[in-house]
Every structure is written in C-alpha cells, then in structure tokens.
Protein chains: 2
Amino acid sequence: MVTMSDVAKAAGVSRATASYALRGDERIAPATAERVRQAALDLHYTTNLSARSLRSGRSGVIGVAIFELDHPYPSEMSAAVSRQAARHGLEAIVQETSNSKDNEIAILQKVTSQLCDGTIFSPGNVSDEEIRALSGGKPVVLLDDISPDPVFDSVATPCEQGAEAAIEHLVNIGCRKILVIGAHYDALADDREVTKVSGRRLIGCFNAFEKLGITPDPSQFIHTNWRTEDARRTAHAIVDSGIEFDGVFCMTDTISLGFVRGLADRGVRIPEDAAVIGFDGINECDYYIPTLSTIATDLNDLACKAVGLLLERFDNDAAGLTRPPRTLTADFTLVQRESTTRR
Amino acid sequence: MVTMSDVAKAAGVSRATASYALRGDERIAPATAERVRQAALDLHYTTNLSARSLRSGRSGVIGVAIFELDHPYPSEMSAAVSRQAARHGLEAIVQETSNSKDNEIAILQKVTSQLCDGTIFSPGNVSDEEIRALSGGKPVVLLDDISPDPVFDSVATPCEQGAEAAIEHLVNIGCRKILVIGAHYDALADDREVTKVSGRRLIGCFNAFEKLGITPDPSQFIHTNWRTEDARRTAHAIVDSGIEFDGVFCMTDTISLGFVRGLADRGVRIPEDAAVIGFDGINECDYYIPTLSTIATDLNDLACKAVGLLLERFDNDAAGLTRPPRTLTADFTLVQRESTTRR
DNA sequence: GTGAAAGCGCTAACAC
DNA sequence: GTGTTAGCGCTTTCAC
C-alpha cells in the first residue's frame, strides 16, 4: 500500500507538505503542489479514509439508513440522496436496517457513528434517546419523524397535504363513495398514530372531507398491512363483501399496486368502475396497466432538504454554533394518470 | 466521545485487556471480561471503526457497488447481499455508481478500498487493471463479468441457461413466431458482446432454437434500450409495423414491463394474442396485470455465492494462500405466471 | 512556504 | 492472565 510518506519522498518534501498540497492548501507554492500531485498520480496514491477520519474527525461520507432496500420507495429515496450528496462532494453509503431494532442499533453504532460525518435515518424501532446516544454527537436528520417536540432535524413527507389533495382529486373527478385503504377510521385514537405517516395521511383525508362538506363513514376506512400481497387480498375481501365504492385512495403506491391487481382479479374495471390514486410516486406507477395516479413525493426536494440540513449542521458545528432542530416538508405533485382519468 | 481508555479505567484494567475482553479473547479471565463489558455498557462505549480498521486492517464491513439504486433488480440484489452479509456478522454498505466511470473510481478509491474488507462490484466502465489498482489489494467479487481469462472472482447470472429455458417455454406453450427483445441478431459479431449479459442471453436463445430445430430469422431479434419507456415505444413500433408474433422473450423484466404496457396500448392481449416472458425475477412482475412470467435469478443464491467467495478470500489471505479466480453461476427458476399461461 | 513532532483510538507483539 | 509498548496513516499545531 502506498502511503503519504511514499508520495512525500517521491516529491522530495515532508509528509506535512504533501498533506497540505494534496488538499489544495493555499500555503504551498504552486510548483511544489504540482510536484506532489504528480507524484501521487504516478504512485496511484489514494488517501486512507480510516486514517483521515481518525485524525481529523471528518470523512466526507454520510450514511443513509433505511428499512428495506428492495422496496421501490426507500430505494428511490436512497438513490436521490446519493445523487444529492455527490453534488456536494460527499459520498453516501446506504445501509439496510431491515426494520429490526438490533440492526438499527448495530448500524448506528458501527459504520454510521464512527465513520460518517452525519446520518440520514429513517427510524423504525429506536427511540430519540437511543439515537442520540448512538450517533456519537454527529448530526442526524430523521425522515418522517414528526414529533411534537423534535430532538433532531427532520424532513417529512407531505402527508396531510398530499392525502388532502388525493381525496379532493377523487371528488373532483366525480367519485362519491370513496374508500381509504391503509388505516382504520379510529386509528387516531392512539396518540402515537398522530405523528406517524399513516396517521398523518388519515388526518389529510379528514381535512379534505371536512373542507368538502362530506361526513365520512368509518366503514370507508380500511386497514391493511402496507404490503402489495396483503392489499391484493384486501381488495378481494372488499369486492366479495359487496361494499360499494367508486373511488379509492391507497395510502401508498405499494398498496395501490396490490389493490388494483386485486380489483382486476374480481373484474372491477379501473377507472370505469372505480378510480384509484396512491401516494409516493414510485416509478412503476407509470408502467402499470392502467397507469396509476399518485401523490408523488418530490424525492429530489426531499434529498435536497435532508442533505441541506446536514450541511447546515456541519457548518454550524465548525463555527461552534447550535440551533434548534428544524423540520422541513418535502414538496409533492399530484400526478394524474389513467387510473383516475374518466372520459 | 468515550474511548477504550475510559472503559479500561472504569473497569480497572489496561487498554489492552479491555480490547481483548471486548473482542472475547480466550485469555481474559471471565470475571475480568464481564467487568469490562459492563463498564462498556454503562459508558455507552462504541468501538471506533476508523481506529480499528486503521490498526488491524479489518473492519467487518463489505462494500456493494452497483449501477442504480432506484431500479428494481439492483436494489433487490443489494438487499439480498446485505442480508447475506449480516448472516456472517458483516455489515454491508451500498453505494451507487450511477453507471459513471468517475463515480466508480471515486467509490473504489474512497470508501471501498480504504474501509471495506472486500467489495462486491458490478462493473460498468472500469477495466480489470483499474479495479486491481484501486482495490488496494482487497478481495473483489465481480458481478456478471464473464471474461475468458478472469482476474477476479465473480458470480454470473444464469444468462445462457435462463434464456434457453425462456425460449423453450414459449415454444412449449405453442408459440411459433417468437420475438426476442433486447439485442440485435448479429450483436455477437462484436467480440465484446459475447461476454456481456445481453450477448450471453442471446447465445441462450440461439442454443434453444438450435436444440428445437428452429432456424431463427434475424428480424425476430429486436434491439432496444433496456429501459421501460424505450421498451414501451419499441412495442408500439413493432405492432405498428405489422410484424406478426405470438411469443416474446424480453431480456429483462424491466423491458418486459414496458413492452407489455406498449402492447396493451395497441390492444394486443396477453397472453391470448402473444405470450411474454422476461428475465430477472423482480418483485413487481407478480403484481402486474397480467402477472408476468420470468426467468427469476435466485438472488439469495447469488448473494450467498458472492459473499462466500469473499469469505473464502478472507480466510485464504489470512492463511497466506492464494487460489485462481473462480466464476460461479447463480441458480434460476422459471416462474410461469399469467403472461404465458394459455387456457 | 515548509518541516518536525505529536497524537487521533485502537490492536498485537511481547514481556512479565 | 494482564500490562507495556509501538505503531497503523493521516492531520495539525508550532517552529523556523
């Protein structure tokens, strides 16, 4: 392995000078700097991240910790963050928590807190205090952790506004019997639910109905596991039970995909018999048959805001400042496709 | 930040003893070890990865470098590798190369070669020698890099066998005019193509036709960009041109998704008018309308083999051994769904 | 503008 | 069994 000493020797300077030169420090004479750079190139020198990180406490790497890598929404989100990080000269490393507490702890404790300058974390089973303890004082940006009294910076998906827009859209295109798939009517009775994604999307629905002067019936709200196969079975059950409906808001596109497939299994035509709209904006909605309308969270905006909050903390920490935690909300767009387009 | 010195002091032992105790070294008396562990727990000690890695050259982290995180196949593959790594007590970090050479180099050079004990790499634009130079002597397992004279261990997807099975399946269910979407008939004229995924899937097709005594016509093989939207347009063009066909093998599920959508746009019914089968086995094939048949690469098997090769190298390197590079092929299954099921 | 030297937190010989 | 010691490769005062 070629180290900085090798480069310094080849360039005829000391290790310190080599270090400065390679990082573009102003103090080094242009000619010297050039000589060092050339030597590094010739020797195929690459700086040792562990050593740099150990010594300086900065690595230029940020961690992204998410539930499940093999699901469209989290993987598209990770990709967006990766690209956004790259724009700022940072390297993003993505780790899968598998939605298990042990794994979340292991990840925060190991790579993340030790190597990464900061972390973008989609928390599942781990409390704020635990994150605080495990993060080693490095900045953390939480995804969708809307607590009334936030401890960390966070970026929220536009749950309330998006859900509201979805319901309004269904009503606007003429739906009169709307189903909401993803949570019970009385889910909000559980206090914790209010801050969760499902609860917040539910609130958006209620807001929309209220604004439109509609009194929703509890039977319109149907709980299901947020997995495609469960949503498909839920659709079967609903059709088989004879419930009437002409519009459906699915709390995620994953539910939407399964639900639409389930309706198709039972011969329900979309959008003729029922219009369907989902939430998230995953790519595959655009290739489904029919193409699926959705409330598309702007992942670039989300990534931009998350990385931005991290960068702010870096700068602040460097300047010895602190500021209270901020919560930003990502933009969204209502994407109307075939599943809610009636001729 | 709490360091090992703090733990050692709290437990009333030296740093070395603390280090041994925390790593479960046999030499430390059980009582001492327990005392150290308790102290570490009380102080919320977490071992500094950079320091460990710098000193011992091992981190327990493996890198996964892939094209695009927001596409189903690579993200499902990364997830499989993450989980397989976890089974061996390794942490997997995933990085997106964005299919750009600069990025591939940056990733190999930075996190990967410096922190990771080994790398699973899906190479796009970087040569074997470059990988060799950038990997810093750490083991590398390549994905789908079938060179006649391999330099690294690698795991291949079952291209030839899978494509052969796909064509045979189409013929078995009665297809007589089969289209292959993803590569030109004469793509193999380019030598490099023979080792690429597209070329190898083409070879599988040729093998199948030969085995079945069918002489394929060049016009049956249609090139398209491997993106859903391009495949959709390709389907439009094919139908509009009046080419007749009753079976389609798409070289990837992503193509399949777009192609089927494109056929649907033109009123071609699947599987009644044409049967369609893809390749890869991505999750969404199971929820499409119709559900899509596919040659499903066994990602668990692929992950198992890739991580296994890495582990072998770790052990060998530790024992001072070397062995010639090995190339393994992942298993696959033919998954028949609605798109190739005729009543 | 450049070099000498200290030390980040940890591990692994080696000594006792 | 446990402690002492010497670095891993780098950055960063502090001299000059």
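Quick note on labels: first sequence line is chain A, next is B, and so on, each numbered from 1.
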Item to complete: Determine whether the side chains of A/T157 and A/D144 contain a donor N or O and an acceptor N or O closer than 3.5 Å.
Response: yes
Response to the item:
A/R326 meets the salt bridge (Lys or Arg N to Asp or Glu O under 4.0 Å) criterion, sequence neighbours left out, with A/E312
For nucleotides 3-6 of chain D, tabulate all protein N/O to nucleotide N/O atom pairs closer than 3.5 Å, reporting atom names and distance.
from	atom 1	to	atom 2	distance (Å)
D/dG3	OP2	B/S14	N	2.8
D/dG3	OP2	B/S14	OG	3.1
D/dG3	OP2	B/T17	OG1	2.5

Worksheet item: Which is true for A/T3 with a 4.0 Å heavy-atom rule: it touches a base, it touches only sugar-phosphate, or it touches nothing?
Response: sugar-phosphate
Worksheet item: Which part of the nucleic acid does A/T47 contact within heavy-atom distance under 4.0 Å: base, sugar-phosphate only, or nothing?
Response: sugar-phosphate
Worksheet item: Residues two or more places apart in sequence or in another chain: which of them pass side-chain contact (heavy atoms from CB on, under 4.5 Å) with B/Q109?
Response: A/T46, B/I105, B/L134
Response to the item:
Sorted by number, residues from residues 28-46 of chain B placing a heavy atom under 4.0 Å from DNA chain D are B/I28, B/A29, B/T32
Worksheet entry | Listed partners of B/D280 passing salt bridge (Lys or Arg N to Asp or Glu O under 4.0 Å), at least two apart | B/R201
Worksheet entry | With A/I131 via side-chain contact (heavy atoms from CB on, under 4.5 Å) - residues at least two apart | A/L108, A/F121, A/P123, A/V126, A/D128, A/V140, A/L142, A/F152
Worksheet, complete the sentence: Taken in chain and number order and not counting sequence neighbours, the residues that satisfy side-chain contact (heavy atoms from CB on, under 4.5 Å) with A/D331 are A/D298, A/D301, A/K305
Discussion item. Going by salt bridge (Lys or Arg N to Asp or Glu O under 4.0 Å), name the residues that satisfy it together with A/E130, two or more places apart in sequence or in a different chain.
Written reply: A/K101
Item to complete: Apply side-chain contact (heavy atoms from CB on, under 4.5 Å) to B/A18 and list each qualifying residue two or more places apart in sequence or on a separate chain.
Response: B/M4, B/A8, B/V13, B/V36
